[in-house]
Amino acid sequence: MKELDVKQTAWIYKKMNDIRNFEDQVHQIFTTGSIPGFVHLYAGEESVAVGVCAHLTDKDYITSTHRGHGHCIAKGCDLAGMMAEIYGKETGLCKGKGGSMHIADIDKGMLGANGMVGGGFPIAVGAGLRNKYLKTADVVVCFFGDGAANEGTFHESVNMAAIWKLPVIFVNENNSFAEATPQWYASGSKTIAERAAAYGIPGETVDGKDLTAVYKAAGKAIDRARRGKGPMILECRTYRNYGHFEGDEQKYKALDGKEKKYADQDCIKDFRKYAIANKLLTVEQADQIAATSKADIAAAVKFAENSPIPRPETLYDNVFAD
Amino acid sequence: MKELDVKQTAWIYKKMNDIRNFEDQVHQIFTTGSIPGFVHLYAGEESVAVGVCAHLTDKDYITSTHRGHGHCIAKGCDLAGMMAEIYGKETGLCKGKGGSMHIADIDKGMLGANGMVGGGFPIAVGAGLRNKYLKTADVVVCFFGDGAANEGTFHESVNMAAIWKLPVIFVNENNSFAEATPQWYASGSKTIAERAAAYGIPGETVDGKDLTAVYKAAGKAIDRARRGKGPMILECRTYRNYGHFEGDEQKYKALDGKEKKYADQDCIKDFRKYAIANKLLTVEQADQIAATSKADIAAAVKFAENSPIPRPETLYDNVFAD
Amino acid sequence: MARRITFMKAINEALDQAMEQDERVILLGEDIAGGADVKHLADKNEDAWGGVFGVTKGLMPKYGRERVIDTPISEMGYMGAAVGAAATGLRPVSELMFNDFIGFCLDTILAQGSKMRYMFGGKAKIPLTVRTCHGAGASAAAQHSGSYYGILGSIPGVKVVVPATPYDAKGLLLAAIKDDNLVIFSEDKTLYGLKDEVPQAAYEVEIGKAKIKRSGTDLTIVTIGKMLYVGLETAEKLAKDGIETEVIDLLTVAPWDQETVLNSVKKTGRLIIIDEANPHNNTATDIASVVSDQVFDYLDGPVKCVCAPNTPVPFATNLEQLYLPNSQRVMETAAELIADLKN
Amino acid sequence: MARRITFMKAINEALDQAMEQDERVILLGEDIAGGADVKHLADKNEDAWGGVFGVTKGLMPKYGRERVIDTPISEMGYMGAAVGAAATGLRPVSELMFNDFIGFCLDTILAQGSKMRYMFGGKAKIPLTVRTCHGAGASAAAQHSGSYYGILGSIPGVKVVVPATPYDAKGLLLAAIKDDNLVIFSEDKTLYGLKDEVPQAAYEVEIGKAKIKRSGTDLTIVTIGKMLYVGLETAEKLAKDGIETEVIDLLTVAPWDQETVLNSVKKTGRLIIIDEANPHNNTATDIASVVSDQVFDYLDGPVKCVCAPNTPVPFATNLEQLYLPNSQRVMETAAELIADLKN
Ligand SMILES: Cc1ncc(C[n+]2csc(CCOP(=O)(O)OP(=O)(O)O)c2C)c(N)n1
Ligand SMILES: Cc1ncc(C[n+]2csc(CCOP(=O)(O)OP(=O)(O)O)c2C)c(N)n1
Ligand SMILES: [Mg+2]
Ligand SMILES: [Mg+2]
């Protein structure tokens with residue numbers, strides 16, 4: 001496993017900023033009505049997607065969720081193409097036909113956001129099977145929420161990955177809530193990680209707001225998977241900054257109880273401090289990265305806004321491959 | 001929990017014999033071609049169904065599986081009505097429209113055998129919800145196989161029963177195989193019972209060939225559920241005497257390995273010995289019960305054979321309730 | 001009956017009145033209250049959401065969490081639990097948030113709830129209502145915009161209703177909950193805000209009966225759900241050309257009302273069915289086949305189906321609008337049928 | 001081409017040849033080998049079952065457990081894994097033991113496999129074949145005897161084939177595996193023992209093309225799967241009365257071959273479709289609606305569907321035989337259509 005070095009740190013800090021800026025922008029634009037449908041924002045959870053994907057190459061796969069923007073950005077999807085997709089433009093990564101919940105870029109190893117909670121588990125197992133069958137050392141990361149852990153697909157998929165020792169790392173983003181339902185209500189187990197025992201694989205819970213903790217734990221898990229040691233569950237305790245979707249009043253958030261610790265942390269500020277204190281970034285570099293990120297997102301928005309909507313005839317395209 | 005007394009012992013010994021004789025008969029008749037379709041026989045696993053159902057009243061519910069004859073008999077379904085059903089006769093418990101895999105008798109608390117592996121879990125949860133909502137002290141027993149424990153419905157249902165503290169006892173019949181697939185291959189966990197931890201509920205494994213062990217553990221679990229303490233998983237290690245279905249060559253059975261201990265035990269002989277040694281039955285009583293059971297099954301076969309096939313117009317009945 | 005309420009409120013009121021009338025009625029679904037086990041909400045007896053669209057809002061505060069049950073994200077589990085609760089004497093109403101999630105729980109309908117009574121020789125009764133929503137037009141993309149009432153309606157033992165107005169939504173839902181069978185109640189999510197007159201008192205609209213929403217003698221248009229408005233708009237336009245269109249709101253898609261439809265076609269000799277479902281093996285084609293068979297000799301032209309194309313629902317707004325059947329497409333179709341009338 | 005093999009063997013041979021030709025082809029399913037991790041079988045490189053009906057027998061010994069993968073009883077899991085493996089470059093063939101289990105895994109087809117390419121703007125390719133079996137007649141009762149190819153065929157992005165002969169089974173399966181799309185290959189379980197001539201060498205039968213199995217000018221009968229034999233039997237009987245029946249084996253139910261069917265009906269003016277599925281919203285009604293629409297002016301009488309009744313499949317043998325469409329029912333239906341010809 002790579003230790004955090006200067007180059008990696010800059011990459012991480014940029015990606016974290018990209019996600020935050022991207023989501024803050026979408027949050028704002030959404031109120032103007034330019035973005036159709038609904039969006040689920042990843043802001044607040046950046047250290048999970050970035051801390052994990054920092055260990056991946058384009059040949060490694062990830063599966064994602066309805067809250068997929070962060071995973072996409074961390075896995076290298078084009079920011080402008082993503083933004084255009086969210087706007088429903090033909091220049092979007094999916095030609096405007098998928099939207100926020102279905103952004104995908106298979107060439108980058110991004111197997112798709114997924115509108116079905118729990119829909120990604122089996123797909124990740126399939127990609128893991130493929131990697132094992134082709135004897136590659138590539139891995140698959142399956143991101144999933146605390147709510148998704150109660151779907152039957154979780155059980156079936158983790159079990160299959162376990163008995164076949166597939167290179168799949170199940171990364172749980174426990175942000176305390178599934179929509180308006182607390183994890184402590186919906187799960188019989190206290191943590192998600194402890195469910196790993198039901199499949200004879202390791203499970204670990206880390207502070208998902210702490211980039212370095214995620215980075216370290218994910219690095220170990222991914223390494224282990226690359227070496228053919230099989231899957232594990234890595235639970236990252238985190239919190240979403242916004243509502244479940246845009247427009248959510250969030251009456252269920254308590255902020256005095258079990259979730260407070262995670263709600264109060266800003267993973268990007270914390271990582272910045274860490275990086276500077278550990279001489280992995282200078283203040284100037286950090287400011288520079290933050291500024292570049294802002295500019296990149298602004299450019300993405302501009303690209304999206306100036307892009308054409310899909311030509312009508314594309315409605316009928318791509319139902320089947322020829 | 002009731003201790004095993006003389007009356008209970010006689011009931012148990014009778015039911016165990018009924019199941020064995022019933023299944024042995026079906027096994028024989030099947031070769032003659034009088035029974036249509038396929039049947040999954042319960043012979044060898046009698047102590048599980050009987051040891052558990054000994055604690056239940058008609059107001060308690062059970063859900064069953066494709067291998068349901070034993071559960072039906074233990075829960076009090078009429079032997080002749082069952083046999084007629086398996087023959088596809090109009091006098092059958094389901095008027096010949098269900099067959100072996102769909103025997104049900106809701107008045108007896110028997111919510112149906114089920115052709116879908118894992119199909120019974122959610123139904124058991126629903127019945128448990130009903131019992132809790134109506135503030136009864138009645139329980140639900142959900143019988144399921146080792147193979148069924150890998151269905152997503154297992155996970156979803158046990159979790160729901162756990163968070164709602166429902167009076168549902170999940171009784172696993174671990175007979176080493178799901179069709180031709182060993183439990184040790186298909187499950188990431190060594191035992192089924194240890195999966196209980198993933199839901200914060202107790203799990204226990206007992207020798208499912210030992211009637212007294214099942215009886216004791218089930219009694220405790222059912223008592224606990226009646227007192228509102230919630231669900232648990234009770235795993236009974238057992239073995240089926242016949243193939244998965246009639247006609248199965250059983251090439252996968254090893255009998256030298258992990259399953260040998262359970263394959264070699266005859267739970268009925270063992271229980272007879274135990275009952276006599278503990279003065280719960282005399283030899284004469286035991287012989288008498290065994291003889292009555294034989295006669296009852298013979299009568300059931302005769303009833304089935306002499307019964308009429310369904311009238312053609314019944315094809316269209318009972319799709320909807322009016 | 002001057003009171004006007006939304007489609008959503010009409011559904012909420014039906015649930016409320018059904019629960020008031022019968023203690024056996026309970027609700028199950030994801031976030032149908034929301035905020036379970038959140039202390040500050042419990043202290044104030046508040047729900048957090050009342051359903052993702054707010055349809056069930058206020059029911060938990062009134063009836064408590066014993067009767068308005070938030071479930072984990074476990075569709076097969078809680079939908080199957082609803083079947084089990086129904087089989088054992090309750091009258092559950094379970095909510096499948098989007099009909100597109102049917103892929104996670106179809107067994108509970110296909111193999112269990114719809115077949116139990118038959119397989120058990122008439123011994124079971126499954127008084128279960130499944131509320132769900134369908135329909136494109138909300139930019140919800142391919143996995144949240146499908147219309148699958150036709151797939152569900154093909155299953156023996158299942159009744160499927162698709163209301164188009166607040167009045168019928170309330171009455172059909174009350175009837176569904178009273179029905180001793182598995183009834184799927186499929187709501188078009190884009191209609192939730194629609195307001196119309198709805199009586200306060202409880203009433204039932206008969207399941208299995210279509211309604212003639214406009215009488216006519218030249219052409220029959222049968223519509224499903226929201227397509228009613230496309231049908232009415234088209235009828236309006238056609239009236240300007242002197243074509244009198246009979247518009248029938250099907251209301252129940254399984255089993256659909258053959259009598260009303262066939263009688264109308266006997267009169268008009270021409271039929272268009274508007275169905276938002278994908279075009280194959282859907283309710284429209286079923287009606288077309290039955291009508292073409294049963295009243296063949298009355299037909300002055302082919303029965304026409306106007307449906308969504310054979311594609312998933314696209315995200316981009318302009319494509320989604322093209323995807324949905326609209327009055328222009330129906331007009332074009334009608335033009336073929338009524339060419340003789342115009343000459 | 002004098003070699004005669006069973007329907008089951010034809011399928012087995014197609015799988016074998018596809019695996020031989022292309023390393024990316026892997027098989028997934030419950031007990032498709034059987035006896036995984038049983039030492040005495042491993043020592044002898046034997047499978048225990050080769051599928052519950054023996055269709056995949058011998059493939060594991062030949063290709064190993066890496067390519068013939070026994071799965072846990074986790075339909076949503078392994079069927080979804082097949083989608084994932086297909087999306088990442090393999091060409092999996094997954095077996096759903098009975099099509100009735102679709103309720104456990106529909107999402108993998110409805111929301112994932114069929115929609116990925118569209119939702120992703122053309123970026124994904126899902127070269128996945130799902131083998132399954134349907135059909136009544138084996139006394140397997142309501143949960144193991146349904147015919148759901150029509151439901152699956154209503155989903156955009158899915159192709160569905162239903163072979164009726166060993167020859168077509170082999171050729172269509174090889175074509176399905178070569179196809180870059182999600183193809184459902186639905187086998188009638190009561191045909192497994194049927195023997196017919198099948199070439200040894202690999203060949204493909206084109207997906208989307210129906211076959212005229214008997215030519216005629218008076219009446220067209222379109223059949224799906226096993227119903228071919230009901231159609232042929234009926235044609236034989238009708239021939240005795242001088243009625244020349246064209247029998248078309250549909251082979252692909254989605255997308256079905258409009259050209260062949262429409263051309264035939266243009267010639268004969270009369271059509272009966274025999275479909276074992278339950279009667280509503282099925283392939284038969286779809287064909288009826290399209291034909292009634294497209295060649296309305298050629299029709300000498302209504303298009304007729306002969307299907308299963310709107311009930312689950314009953315267990316008792318006599319009821320099950322009544323449930324299945326048979327030649328007597330088709331003859332009765334034909335009598336109505338050809339009354340004029342006979343006079
Ligand atoms: C199969 C399915 N069930 C339910 C939903 C509705 N839904 C969308 S997001 C969500 C909550 C997911 O919670 P979690 O897994 O914790 O992810 P988070 O939103 O917290 O990131 C639900 C219930 C869905 N999209 N798909
Ligand atoms: C949903 C579903 N998947 C698969 C099957 C096929 N099947 C019937 S029984 C069985 C094995 C069940 O094994 P287990 O749960 O251990 O029960 P046992 O037969 O050993 O009693 C399988 C796979 C089915 N009937 N339903
Ligand atoms: Mg969450
Ligand atoms: Mg077993």
Side-chain angles (χ1 to χ4, degrees), chain A residues 61 63 85 90 92-99 101-107 109-116 118-135 138 140 142 151-161 163-164 166 310 314 317-322, chain D residues 23-24 26 28 36-37 65-67 69-92 94 104-105 107-108 110-128 155-159 179-183 207-208 255:
Chain A
Y61 288 110
T63 61
E85 187 58 37
E90 189 162 342
L93 274 182
C94 307
K95 305 193 177 143
K97 286 161 92 170
M101 255 189 306
H102 306 297
I103 301 178
D105 197 346
I106 294 186
D107 293 340
M110 163 64 201
L111 290 174
N114 208 312
M116 295 293 154
F121 294 117
I123 294 170
V125 169
L129 198 61
R130 174 252 188 218
N131 285 349
K132 187 175 174 183
Y133 178 65
L134 296 181
K135 299 191 169 49
D138 306 323
V140 184
C142 173
E151 285 283 15
T153 48
F154 165 82
H155 178 66
E156 297 185 3
S157 302
V158 178
N159 185 56
M160 290 193 303
I163 67 168
W164 294 331
L166 301 182
T314 63
D317 288 352
N318 294 320
V319 176
F320 289 109
D322 323 295
Chain D
E23 284 245 321
R24 294 169 304 173
I26 61 166
L28 282 160
D37 222 351
R65 290 201 178 269
E66 293 73 36
R67 293 185 71 186
I69 304 172
D70 277 349
T71 69
I73 312 179
S74 304
E75 288 80 12
M76 188 86 139
Y78 79 80
M79 294 280 291
V83 172
T88 55
L90 300 187
R91 306 188 77 82
S94 65
F104 276 72
C105 58
D107 189 72
T108 64
L110 179 69
Q112 313 292 344
S114 69
K115 292 190 170 50
M116 270 180 156
R117 182 175 180 82
Y118 192 82
M119 296 189 302
F120 297 176
K123 273 186 208 148
K125 219 171 65 180
I126 312 293
L128 165 62
I155 304 170
V158 177
K159 298 185 183 179
D179 199 294
D180 275 340
N181 295 287
L182 201 173
V183 183
I207 293 176

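A, B, ... follow the sequence lines: proteins, then strands. Residue 1 opens every chain.
- Chain D forms the most heavy-atom pairs under 4.5 Å with one residue out of A:H102, A:E85, A:K95, and that residue is A:H102.
- With 3.5 Å as the limit, one finds a donor-acceptor pair spanning the side chains of D:R67 and A:Y133.
- The candidate with the highest count of non-hydrogen atom pairs below 4.5 Å against chain D, out of A:V125, A:I103, A:L111, is A:L111.
- Rounding to the nearest 0.5 angstrom, the gap separating the CD atom in A:E156 from the CD atom in D:E75 is 7.0 Å.
- Ranked by heavy-atom pairs under 4.5 Å with chain A, the first of D:A85, D:A111, D:C105 is D:A85.
- Heavy-atom distances place no part of A:N131 under 4.5 Å from chain D, backbone and side chain included.
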Side chain to side chain contact (heavy atoms under 4.5 Å, CB included), that's the test. Do D:V158 and A:F320 meet it? Break it down for me.
CA-CA 8 Å; D:V158 177; A:F320 289 109; 5.7 Å; no
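- With hydrogens and angles ignored, the 3.5 Å screen pairs a side-chain donor or acceptor of D:N181 with a backbone N or O of A:A321.
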Can A:M160 and D:Y78 be said to form a side chain to side chain contact (heavy atoms under 4.5 Å, CB included), step by step?
CA-CA 8 Å; A:M160 290 193 303; D:Y78 79 80; 3.9 Å; yes
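- Between D:R117 and the options A:N318, A:V319, A:D317, a side-chain contact (heavy atoms from CB on, under 4.5 Å) holds for only A:N318.
- In this structure, A:T153 OG1 and D:D107 CG are separated by 8.5 Å, a value rounded to the nearest 0.5 Å.
- In this structure, D:R24 and A:L134 have side chains that are not in contact, with every pair of non-hydrogen atoms separated by 4.5 Å or more.
- A pairwise comparison of heavy atoms in A:S157 and D:G77 identifies OG-CA, 4.5 Å as the closest pair.
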Check the pair D:M116 / A:I123 against side chain to side chain contact (heavy atoms under 4.5 Å, CB included), numbers first and verdict last.
CA-CA 11 Å; D:M116 270 180 156; A:I123 294 170; 3.6 Å; yes
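- Side-chain contact between D:P72 and A:N159: present, with at least one pair of heavy atoms (C-beta onward) separated by less than 4.5 Å.
- Neither the backbone nor the side chain of A:F154 comes within less than 4.5 Å of any heavy atom of chain D.
- Atoms NZ and SG, from D:K123 and A:C94 in turn, are 5.5 Å apart once rounded to the nearest 0.5 Å.
- With rounding to the nearest 0.5 Å, the separation of CG in A:N114 from CE in D:M119 is 6.5 Å.
- Contact annotation for A:D107: neither backbone nor side-chain heavy atoms come within less than 4.5 Å of a heavy atom of chain D.
- We find the CZ-CD1 distance between A:R130 and D:I26 to be 11.0 Å, quoted to the nearest 0.5 Å.
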Walk me through it: do A:I106 and D:T88 pass the test side chain to side chain contact (heavy atoms under 4.5 Å, CB included)?
CA-CA 8 Å; A:I106 294 186; D:T88 55; 5.8 Å; no
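- Cation-pi check for A:K97 over D:F120 is not met; the charged atom does not lie both under 6.0 angstrom from the ring centroid and within 45 degrees of its normal.
- With a threshold of 4.5 angstrom between heavy atoms, D:L182 does not approach chain A through any atom at all.
- Only the side chain of A:I163 comes within less than 4.5 Å of a heavy atom in chain D; its backbone stays farther off.
- In this structure D:D37 satisfies the salt bridge (charged side-chain N to carboxylate O under 4.0 Å, His left out) test with no other residue, sequence neighbours excluded.
- For a residue to count as touching a neighbouring chain, one of its non-hydrogen atoms must lie under 4.5 Å from one of that chain's; by this rule D:A124 touches chain A with backbone and side chain alike.
- When all heavy atoms of D:L28 and A:L129 are compared, the closest pair comes out as CD2-CD2, 3.9 Å.
- Counting heavy-atom pairs under 4.5 Å between each of A:M101, A:M116, A:E90, A:H155 and chain D puts A:M116 at the top.
- Heavy-atom distances place no part of D:T108 under 4.5 Å from chain A, backbone and side chain included.
- Atoms CD and CE, on A:E151 and D:M76 in that order, are 7.0 Å from each other to the nearest 0.5 Å.
- Comparing D:Q112, D:E66, D:K159, D:K125 by how many heavy-atom pairs each has under 4.5 Å with chain A, the most go to D:Q112.
- Heavy-atom minimum distance, D:I69 versus A:W164: CG2-CZ2, 3.5 Å.
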